[in-house]
Number of protein chains: 2
Amino acid sequence: MALTKGDATHRDILRKALSLASEVGLGGLTLSALAERVGLSKSGLFAHVSSKENLEVLVLEEAISRFTDLVVAPALKEPRGEPRFRALISGWLSWGKAEFMPGGCVFFAAIADLDDRPGPARDRLVSSQRDWVEALATAAKVAIAEGHFRADLDPHQLAHETFALGYGHYVLLRLIGDPKTEARTNAAFERLLESARTPS
Amino acid sequence: MALTKGDATHRDILRKALSLASEVGLGGLTLSALAERVGLSKSGLFAHVSSKENLEVLVLEEAISRFTDLVVAPALKEPRGEPRFRALISGWLSWGKAEFMPGGCVFFAAIADLDDRPGPARDRLVSSQRDWVEALATAAKVAIAEGHFRADLDPHQLAHETFALGYGHYVLLRLIGDPKTEARTNAAFERLLESARTPS
DNA sequence: CAAACAATAGTACGACCGTGCGATTCGTCA
DNA sequence: TGACGAATCGCACGGTCGTACTATTGTTTG
């Protein structure tokens, strides 16, 4: 039998852990608090996650898998080229507001938490973000091949600027929360895409 | 007499606290760890800072004052217009590598820490970053008045994109650390300034 | 030099942390 | 149904956290 009781609990733990981590960060995530949310005793929960460090990795793994499902996969169904690139961007922007992460993007919270704390969790985070930049660069390459973006465009440069703009937008959104923030970020992306289209 | 012994210690505490906070974040900052660095007992230190929450505010205050001295003030000595705007950007970029913040920009660490934790520390952080965006916007306005930037440029839009690009760059730098990161960010800023110059 | 005061140390407290371990309940299958 | 293994609990441990309180230094000043 594949679906045992423990598996269901395990899924529930990951769901709630991701949600909680988005509020308090990976470092602020606590076994007691999580246990209470899941409806388990602290030791019952501990048996599932083996250790705090492993829990952090599990949370990242869960977030990465959801990111793939919600952002990357749908974009791959869009037509090759600029439409797909745009889908990655807009999917990413709504990712930060996903209902299962009430405290906001868990990657962002993890970046500050882990950026000076080596270990498996940090390694996994870094590789995931590296993959994301690479996915953006690949989509840019495809758009060049399709003739949507200019031939002499550096796809990694575009990926860099897109990534930076995305996280920068997130900082402005979470911290200052000016109502015009979204419109300005959209304008910035349009300018960026415009310059990727126009031959230099 | 103005310069008592306690004042000197106080300055030393702020210096070391800023340095330590840049490594572990505001939330990760600990009275015991700080006391050891300063060479004080935990209670001796506590007498200086009144409370943990107040220590966080003090650290932010210290960082803000240094930011003003190291980034804003020097830029104001540059010629009005684009040179001054460029000085703000380049000053900001080197701010993230200041020797007194070995763990990187303390504002960035604080943003993730405080973004879901209301209180005086968060308020101070938000106002400081709001001020920074505003300073960028003001510099952009001046550059428009000087005829360096095009007349129909929205200075707040430029400030938004500059701010976002700066923090986005920082994420890429700290997390992934590709050696080409700096060059790409510089290219992005050049493109941004170019589009601010060119009449649309 | 001594009195007055600022600065620091010592110690204790309650709360919470992650973790181990033995006991107990519960779901599953012969 | 009865037994076996997985899932969960209760409890305790050592450690660290921020914060009081009191005692003891050290520094300044009349």
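Naming: A, B, ... by sequence-line order, numbering from 1 per chain.
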Can you check the [X] [atom1] to [N] [atom2] distance for me, whole Å?
X: Leu45(B); N: dA6(C); atom1: CG; atom2: P; result: 19 Å
X: Phe46(B); N: dA9(C); atom1: CZ; atom2: P; result: 15 Å
X: Lys52(A); N: dG15(D); atom1: NZ; atom2: C1'; result: 15 Å
X: Asp7(B); N: dT27(D); atom1: CG; atom2: P; result: 15 Å
X: Glu56(B); N: dG18(D); atom1: CD; atom2: C1'; result: 11 Å
X: His48(A); N: dC9(D); atom1: NE2; atom2: C1'; result: 12 Å
X: Ile13(B); N: dT8(C); atom1: CD1; atom2: P; result: 7 Å
X: His10(A); N: dA7(D); atom1: NE2; atom2: P; result: 10 Å

For residues 69-77 of chain B, which side-chain donor-acceptor pairs fall under 3.5 Å, sequence neighbours excluded?
none

Output all residues satisfying ring pair (Phe, Tyr, Trp, His ring centres under 6.0 Å) with [X], sequence neighbours left out; order by chain, then residue number.
X: Phe46(A); result: none
X: Phe85(B); result: Phe149(B)
X: Tyr167(A); result: Trp92(A), Phe163(A)

Worksheet item: Taking OP1 and OP2 of dT8(D), is either one under 4.0 Å from a side-chain nitrogen or oxygen of Thr9(A)?
Response: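 For Thr9(A), the contact criterion (side-chain N or O under 4.0 Å from OP1 or OP2 of dT8(D)) is met.
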Worksheet, complete the sentence: Looking only at dT8(C), dG18(D), dG18(C), the nucleotide nearest the Thr30(A) side chain is dG18(C)
Worksheet item: Closest to the Ser51(A) side chain: dT19(C), dC17(C), dC21(C)?
Response: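 For the Ser51(A) side chain, the nearest candidate turns out to be dT19(C).
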Practice prompt. Verify whether one side chain among His160(B) and Thr185(A) offers a donor that lies under 3.5 Å from an acceptor in the other.
Written response: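 There is such a pair (donor and acceptor under 3.5 Å, judged by atom type) between the side chains of His160(B) and Thr185(A).
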Worksheet item: So which of residues 31-42 of chain A are in contact with DNA chain C, with a heavy-atom cut-off of under 4.0 Å?
Response: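 Residues of residues 31-42 of chain A that come under 4.0 Å of DNA chain C are, in numerical order, Leu31(A), Ser32(A), Lys42(A).
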Item to complete: Provide the full list of salt bridge (Lys or Arg N to Asp or Glu O under 4.0 Å) pairs with a residue in residues 123-132 of chain B, sequence neighbours left out, each pair given once.
Response: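 Found Glu61(B)-Arg124(B).
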Fill in: Any side-chain heavy-atom pair of Cys105(B) and Lys97(B) under 4.5 Å
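Cys105(B) vs Lys97(B): side chains apart.
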